[in-house]
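Report on the following structure.
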Amino acid sequence: MFMRIDHIGIACRDLEEKIELFSRTFELTVVAREVNEEQGVKEAMLHIADGEGGGSYIQLLEPLSGDSPVGKFLAKRGEGVHHVAFGVPDIAEAMTTIGEKGVRLLDERPRHGSMGSQIAFLHPKDVGGMLTELVQAPKP
Ligand code: MC0
């Protein structure tokens, strides 16, 4: 199964402040902004590089409410790395293959993600404490 790093998701209390910090520090550019009500986040994607199968990004995430996944994470752990997202060519196939290895899927079917992608999460307790996301980029 071919995988690449699609993005690293960072939990933030103030999205605009962290966009300014990451843009200034690493000279990255915001290429997309979105409010994803289903996931309970307001987010920005900062482009790092392009590679085989798609780009790689830093994803900054501000929660829409305290009881959303990122809101609960901030209350418990504070700001920082929230998840790592692997890009896969076929998300349904990746979910089946990984699920058969005994890793719990947090989504029964792919959901809507950043920039038109399809996404699904794996339970952090089954992946060494790392909340893991699978991403299938939209077809060009
Ligand atoms: C919770 N845990 C984590 C974690 N969040 N471990 C590592 N990284 C994280 N981000 C740990 C907790 O500390 C706890 O461990 C255990 O997992 C269960 O957590 P909980 O607090 O009891 O349960 P919940 O209700 O907070 O659920 C956690 C869970 C949830 C990961 C299942 O957040 C979830 O379903 N997340 C997937 C969706 C998501 O995160 N959406 C936001 C990004 P202990 O040892 O204390 O028991 S949306 C996104 O990123 C989209 C827009 C995109 O990329 O396109």
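Just so you know, ligand 1 is whichever comes first in the structure, and atom 1 is the first atom listed for that ligand.
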(Q) Among all the protein's non-hydrogen atoms, which is closest to atom 35 (O) of ligand 1, and how far away is it? (A) Leu106 CD1, 3.7 Å
Q | Side-chain heavy-atom pair Thr132, Phe121 within 4.5 angstrom cut-off | A | no
Q) In Å, rounded to the nearest 0.5 Å, how long is the span from NE2 of His7 to CG of Leu61? A) 7.0 Å
Q) How close does the nearest protein non-hydrogen atom get to atom 12 (C) of ligand 1, and which residue and atom is it? A) Lys76 NZ, 3.8 Å
Q: For ligand 1, note which part of Ile119 has a heavy atom under 4.0 Å away: side chain, backbone, both or neither.
A: side chain
Q. Among protein heavy atoms, which lies nearest atom 25 (O) of ligand 1, and at what distance?
A. Lys72 NZ, 2.7 Å
Q: Name the closest protein heavy atom to atom 45 (O) of ligand 1, giving the residue it belongs to and the distance to 0.1 Å.
A: Lys125 NZ, 2.7 Å
Q. Are Glu34 and His112 close enough that a side-chain donor and a side-chain acceptor fall under 3.5 Å?
A. yes
Q.
If you define the side chain from C-beta out and look only at heavy atoms, does anything of Leu134 sit under 4.5 Å from Ile119?
A. no
Q) Which atoms of ligand 1 are found less than 4.0 Å from any heavy atom of His7? A) 54 (O)
Q.
Let me confirm one number: the CZ-CG distance from Phe26 to Leu21, rounded to the nearest 0.5 Å.
A. 7.5 Å
Q. Side-chain contact, heavy-atom cut-off 4.5 Å: Gln59 with His83?
A. yes
(Q) With heavy-atom distances below 4.0 Å as the criterion, list the atoms of ligand 1 near Gly113. (A) 55 (O)
**Q.** Asp90 side, atom CG; Gln136 side, atom CD - distance, nearest 0.5 Å
**A.** 5.5 Å
Q: Would you indicate whether the side-chain heavy atoms of Leu74 and Glu79 approach each other to under 4.5 Å?
A: yes
**Q.** Min N/O separation Ser117 to ligand 1 under 3.5 Å
**A.** no
**Q.** Shortest protein heavy-atom distance from atom 5 (N) of ligand 1, along with the residue and atom involved
**A.** Phe73 CD1, 4.1 Å
Q: Tell me which protein heavy atom sits closest to atom 7 (C) of ligand 1, plus the residue, atom name and distance to 0.1 Å.
A: Gly129 O, 3.2 Å
Q.
Would Ile10 and Val81 count as a side-chain contact (heavy atoms from CB on, under 4.5 Å) here? Give the steps.
A. CA-CA 4 Å; Ile10 315 262; Val81 175; 4.2 Å; yes
Q. NZ of Lys42 to CG of Leu60: how many Å apart, nearest 0.5 Å?
A. 12.0 Å
Q: For atom 50 (O) of ligand 1, state whether the nearest protein heavy atom is under 4.0 Å away.
A: yes
Q) Does the protein put a heavy atom under 4.0 Å from atom 9 (C) of ligand 1? A) yes
(Q) So if I count the atoms of ligand 1 from 1 in the order they appear, which ones are less than 4.0 Å from some heavy atom of Glu43? (A) 52 (C)
Q) For atom 39 (C) of ligand 1, is the nearest protein heavy atom closer than 4.0 Å? A) yes
Q. Which residue holds the protein heavy atom closest to atom 41 (N) of ligand 1, what is that atom called, and what is the gap in Å?
A. Gln39 OE1, 2.9 Å
(Q) Considering non-hydrogen atoms of the protein only, which is the closest contact for atom 55 (O) of ligand 1, and what is the distance? (A) Ser114 N, 2.8 Å
Q: Flag the pair Val127 / Val84 as yes when at least one side-chain heavy-atom distance between them is below 4.5 Å, and no otherwise.
A: no
Q. Side chain, backbone, both or neither: which part of Gln59 comes within less than 4.0 Å of ligand 1 when only heavy atoms are counted?
A. side chain
Q: Kindly indicate whether the side chain of Met95, heavy atoms from C-beta on, has any atom under 4.5 Å from the side chain of Pro110.
A: yes
Q: Within a distance under 4.0 Å of any heavy atom of Glu133, pick out the atoms of ligand 1 and give their elements.
A: 50 (O), 53 (C), 54 (O), 55 (O)
Q) Any non-hydrogen atom of Arg77 lying under 4.0 Å from ligand 1? A) yes
Q) Has His112 got any heavy atom lying under 4.0 angstrom from an atom of ligand 1? A) no
